[in-house]
Number of protein chains: 2
Amino acid sequence: MEAGGRESGNALLFLTDEQLRKGIEAMFFAYRGFTADPDRILADMAYGRAHHRALHFIHRSPGTTVNNLLAILGVTKQSLNRVLRALVEDGLVRNEVGKRDKRERHLFLTGTGEDLERQLSDAQRDRMRTAYRAAGPEAVAGFRQVLEAMMDNEMRKRYDALIELKG
Amino acid sequence: MEAGGRESGNALLFLTDEQLRKGIEAMFFAYRGFTADPDRILADMAYGRAHHRALHFIHRSPGTTVNNLLAILGVTKQSLNRVLRALVEDGLVRNEVGKRDKRERHLFLTGTGEDLERQLSDAQRDRMRTAYRAAGPEAVAGFRQVLEAMMDNEMRKRYDALIELKG
DNA sequence: AATAATACGTCAGCTTTGTTGACATTCCAA
DNA sequence: TTGGAATGTCAACAAAGCTGACGTATTATT
């Protein structure tokens with residue numbers, strides 16, 4: 001287990017079912033806030049959250065392949081393909097046949113794509129920044145620690161891999 | 001703005017775009033982990049995440065009305081009705097006409113409903129507990145602080161109202 | 001007493017985003 | 001040269017959200 005034993009009294013009060021339930025509900029409501037601003041922007045367009053996610057990760061890792069994106073997003077290629085096709089048709093995403101492996105398509109944002117991505121992530125970052133500022137650096141460190149511990153091993157790998165790129 | 005000025009150097013490093021992006025991605029991956037276990041359980045049944053949410057909040061506030069639940073979940077009554085109808089038909093949720101106001105329907109879980117709810121929330125709590133334990137009480141406090149700061153004002157009201165009940 | 005507002009249910013139709021399954025193409029590598 | 005990987009695409013479907021319209025109790029207001 002871990003420390004345990006002697007510190008049975010108050011030290012573990014943060015692990016009671018009540019505390020866990022609060023955390024679960026906080027996660028639920030916070031996630032809605034987390035996506036609210038981009039959702040509002042996207043509602044006017046023909047795009048949704050799935051398009052936002054694609055734009056985000058292409059922006060973040062330019063030249064990434066379809067398979068990479070598939071693994072990160074955790075959806076089927078048919079589902080992702082629908083999103084990518086729309087973005088390519090509308091000129092937000094550019095497709096480039098791989099040099100080494102010509103089966104692969106490397107994905108890039110166009111100028112227009114970068115513009116929309118920036119608009120969306122600005123909104124999302126603004127909220128995040130406000131929350132971070134209100135909570136302070138130590139709270140933020142704790143926030144990140146808990147989130148990372150909450151991921152699946154699979155997802156933590158993907159997350160870590162992303163972090164390494166620019167981390 | 002706020003404090004600013006003299007402490008321009010390292011004190012605000014946690015507010016850089018890079019740090020915010022990491023937080024955004026951590027939130028994305030963590031939320032997938034957060035829902036993964038209940039999702040796996042529900043996949044075998046004819047239910048989804050929407051049913052889980054309804055069960056959770058009815059369990060948490062027994063006797064809540066449809067309108068209450070609507071406000072908490074933030075969906076339309078048509079959408080919620082589809083979910084509730086299934087749960088009532090399958091004998092997981094019980095409907096009770098209001099005493100004071102006979103227009104209202106008060107919602108309760110049946111024994112079967114409680115069983116499923118427990119199964120789902122046990123799975124979710126287990127992951128939460130493991131994450132909390134790994135991160136420690138101070139990290140958890142920070143986690144909660146940031147989440148609460150991230151909610152919409154609307155949602156924070158709902159969240160606070162819930163907390164008061166049993167909190 | 002009449003009227004308005006509220007709470008709830010339901011029908012119909014639409015959208016987004018996910019899913020399977022099947023199949024073709026292209027290309028790398030053994 | 002052949003098997004398998006990476007990609008794209010078609011079709012059909014499901015979950016879960018949405019709008020709009022309408023009906024029925026019940027309560028509140030005038």
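Below, read A as the first sequence line, B as the second, and so on, with proteins coming before strands; counting in each chain starts at 1.
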Separation of C:dC28 P from A:N67 CG (nearest whole Å): 15 Å
Under 3.5 Å: donor-acceptor pair, side chain of B:T130, backbone of B:D126: yes
Value in whole Å for how far the C1' atom of D:dA6 lies from CG of A:L80: 13 Å
Protein-to-nucleotide contact annotation, 5' to 3' order, nucleotides 24-30 of chain D [B base; S sugar-phosphate only; - none; under 4.0 Å, heavy atom]: -BBS---
Spacing of A:Q78 atom CD relative to D:dA14 atom P, expressed in whole Å: 17 Å
Out of D:dC18, C:dT17, D:dA21, whichever nucleotide has its closest atom nearest the side chain of B:K77: D:dA21
Value rounded to 0.5 Å, distance of OG1 in B:T65 from CZ in B:R105: 11.5 Å
side-chain N/O B:S79 vs D:dA16 OP1/OP2, d < 4.0 Å: no
Along DNA chain C (nearest heavy atom to each residue), the more 5'-positioned of A:G48 and B:L70: B:L70
Aromatic plane relationship, A:Y132 with A:F143 - under 30° parallel, 30 to 60° tilted, over 60° perpendicular: perpendicular
d(CZ, B:R82; C1', D:dT19) in whole Å: 13 Å
A:L20 side, atom CG; A:E25 side, atom CD - distance, nearest 0.5 Å: 11.5 Å
For atom CG of B:N81 and atom P of D:dA21, their distance in whole Å: 19 Å
Spacing of A:L84 atom CG relative to D:dA6 atom C1', expressed in whole Å: 14 Å
Aromatic plane relationship, B:H56 with B:H52 - under 30° parallel, 30 to 60° tilted, over 60° perpendicular: perpendicular
Atom pair distance, as rounded to whole Å: CG in B:N95 and P in C:dA7: 16 Å
Nearest-nucleotide comparison on DNA chain C, the residue closer to the 5′ end among A:R49 and B:E104: B:E104
Exam field: side chain A:H51 to backbone A:G48, donor-acceptor pair closer than 3.5 Å: yes
Rounded distance (Å) that lies between atom C1' of D:dA16 and atom CE of B:M45: 18 Å
Sugar-phosphate only, base, or nothing, as touched by B:R85 at under 4.0 Å among non-hydrogen atoms: sugar-phosphate
Touch class at under 4.0 angstrom, heavy-atom based, for A:H51 against every strand present: sugar-phosphate
B:E138, CD atom: more than 12 neighbouring heavy atoms under 6.0 Å: no
